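Remember, it's 1-based here, ligands and their atoms both numbered in the order they're listed. Worth saying up front: this structure is predicted, and the values here are computed from it rather than measured.
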Amino acid sequence: MDKAMVIVGAGIGGLAAALACVRRGWAARVLEQSPVLGEVGAGVQLGPNAVRVLEGLGLGGALQAVAAYPERLEVRHARSAALLGVLPLGLAMERRYGAAYATVARADLHGLLLAAVQQSGAVDLQLGAPVRAVVQDAHGVQLQTDHGQTLQTALLVGADGLWSQVRGAVLQDGAPLATGHLAFRALVRQGDLQPQLRSQVVTAWLGPDFHVVQYPVRGGDWLNVVAIVQGPAPADLQNWDHGANAAELRVLLANSGGPLLDLVHAIDDWRLWALCDRPPMRSAAEQAQGRIALLGDAAHPMRPYLAQGAGMALEDAAALAQALEDLPGDVPLALQHYAQARWQRNARVQARARRNGAIFHLKGPMRLGRDASLKLLGQRLLDVPWLYSVS
Ligand SMILES: Cc1cc2nc3c(=O)[nH]c(=O)nc-3n(C[C@H](O)[C@H](O)[C@H](O)COP(=O)(O)OP(=O)(O)OC[C@H]3O[C@@H](n4cnc5c(N)ncnc54)[C@H](O)[C@@H]3O)c2cc1C
């Protein structure tokens, strides 16, 4: 059988899938809509499950060169800064799960995947190629780009993110939903901050109807900050990188205090994302159908409150390559196995991320109950063994 595939989307999931598959003897053609590749400034946390996938791709060293490895996660009260709970990361995670907990700039993660894809020599990466039409029949999949290019393939991977065209062709289940949550994101040099605002740990600040997460990236030299607030979404949901008004964010976070408020006032350059998701997956059919596999946000867009969207895309990529190796010569069967291996775990992560968001934003007596539980059970509530121990 001709081991050739087409992948739509050169994001974290698409590049990881290309790499995982070419390492097993496939040739991959990747069609990316953007004329230039470049990730915007923001960070990504990678649990041990995601780090394990990168190590499996031989990228452990490349990750170490660009990531930070925080010693702990601290959960704090947004107004008083009181410590509510701690989860040891660093060595504790490595001992427990056999892989580290890393924090990395998205551009650096994307860059190390891209470099490996280019070095493989087996990936044909075509930029400025937005895929519009996808049609599947018993023999294969035909796709067309905006520029009139037509391609035929025996295996198509839709890794084209939240607004996936490939998903639209396979599932016809409408657009993603606005969550009512907005993310303000900033990436700043630690050296540009007052010493007391610099940090080498992951901190989640919990406030009523908002939360803020900060962590180091780039070997600890930069600090990534994301503030999630509730509010009306911008009209153009698909443009997920709006310039943001720092003054607006300061008003929204006026209910915070101490070091968090100082940090928010110290940063002027914020980007704004309107967060969208879909309900948790309901069946394997949302992960693959026939000769088309969906992967990453195209299959299971999620809220970022478990910090696992990229992690699940990486896991999908590894599982896809494994299924194709285990069941050579029968693409639809291999994709069924891929879908069965992935959909329930992805659905569980999507559901847990939604639940976390609700818990993070609690108000009034419910909030007091949450804080008391965190103080009592901290690590037990914050650790997620079913997630971190497998990938
Ligand atoms: C605020 C926020 C914080 C987050 N924090 C974390 C975190 O800490 N940890 C974590 O694991 N995840 C996190 N995520 C989630 C993570 O960023 C995504 O889940 C991940 O990037 C999904 O990767 P993907 O490859 O599926 O999609 P994308 O990265 O969106 O890539 C899709 C690619 O497809 C291309 N494309 C789209 N349509 C077409 C088309 N028609 N034709 C050709 N190409 C196309 C796009 O240009 C893009 O390059 C966060 C997300 C947000 C919004």
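For ligand 1, the atoms lying closer than 4.0 Å to a non-hydrogen atom of Ser34 are 47 (O). Contact atoms of ligand 1 toward Arg132: 41 (N) (distance under 4.0 Å to a heavy atom of the residue). Shown in contact with Leu31 at under 4.0 Å from a heavy atom are these atoms of ligand 1, numbered in order with element: 43 (C), 44 (N). Every atom of ligand 1 with a heavy atom of Gly311 under 4.0 Å away is listed here by number and element: 11 (O). Residue Gly161 approaches ligand 1 through these ligand atoms, each under 4.0 Å from one of its heavy atoms: 27 (O), 30 (O), 32 (C). Atom numbering of ligand 1 starts at 1 in the shown order; those under 4.0 Å from a heavy atom of Ala159 are 32 (C), 33 (C), 34 (O).
Looking at Arg189 and Asp221, no side-chain N of the basic residue comes within less than 4.0 Å of a carboxylate O on the acidic one, giving no salt bridge. The existence of a salt bridge linking Glu315 and Arg52 is excluded, since no basic side-chain nitrogen approaches an acidic carboxylate oxygen closer than 4.0 Å. Asp173 has a carboxylate O that lies under 4.0 Å from a charged side-chain N of Arg278, or vice versa, which qualifies the two as a salt bridge. Ion pair Arg250/Asp268 flagged as a salt bridge, since at least one NZ, NE, NH1 or NH2 atom sits closer than 4.0 Å to an Asp/Glu carboxylate oxygen.
The shell of residues lying under 4.0 angstrom from ligand 1, judged by heavy atoms, excludes His110. Residue Ala129 places a heavy atom under 4.0 Å from ligand 1.
Note: an N/O pair closer than 3.5 Å links Ala307 and ligand 1 by distance alone. In terms of polar-atom proximity, Val44 is not counted as a contact of ligand 1, lacking any N or O under 3.5 Å from an N or O of the ligand. Taking any N or O of Val226, backbone or side chain, none lies under 3.5 Å from an N or O belonging to ligand 1. Checked against a 3.5 angstrom limit, the closest N/O atoms of Asp297 and ligand 1 fall inside it. Considering backbone and side-chain atoms alike, Gly43 places every N or O at 3.5 Å or more from each N or O of ligand 1. Residue Gln33 has at least one N or O atom closer than 3.5 Å to an N or O atom of ligand 1. Among the atoms of Gly13, some N or O lies under 3.5 angstrom from an N or O of ligand 1. Residue-to-ligand polar distances keep Leu275 apart from ligand 1: every N/O pair is separated by 3.5 Å or more.
Taking CG of Leu294 as the start and CG of Leu320 as the end, the distance is 11.0 Å to the nearest 0.5 Å.
A cation-pi arrangement is found for Arg348 relative to Trp386, the charged atom lying closer than 6.0 Å to the ring centre and inside a 45° cone about the ring normal.
At a threshold of 4.5 Å between side-chain heavy atoms, the hydrophobic network of Ile, Leu, Val, Met, Phe, Trp and Tyr places Leu314 and Leu324 in one connected group.
No part of Met312 comes within 4.0 Å of ligand 1, judged by heavy-atom distances. Residue contacts with ligand 1 for Pro301 are absent, since no atom lies close enough (heavy atoms, distance under 4.0 Å).
Contact between Glu286 and Ala299 at its shortest, heavy atoms only, is O-CB, 3.9 Å.
Counting non-hydrogen atoms of other residues, nucleotides and ligands closer than 6.0 Å to NE2 of His139 gives a total of 12 or fewer.
Of all the listed residues (Gln308, Gln126, Arg106), Arg106 holds the heavy atom that lies closest to atom 21 (O) of ligand 1. For atom 5 (N) of ligand 1, the nearest non-hydrogen atom from the set Gly296, Pro304, Gly168, Gly9 belongs to Pro304.
Between His181 and His361, the ring-plane angle classifies as parallel under the 30° and 60° cut-offs.
Looking only at atom types and distance, the side chain of Asn255 has no donor-acceptor partner in the side chain of Asp209 under 3.5 Å away.
Between Arg303 and the choices Asp277, Ile228, Leu275, the side-chain contact (heavy atoms from CB on, under 4.5 Å) rule is met once, by Asp277.
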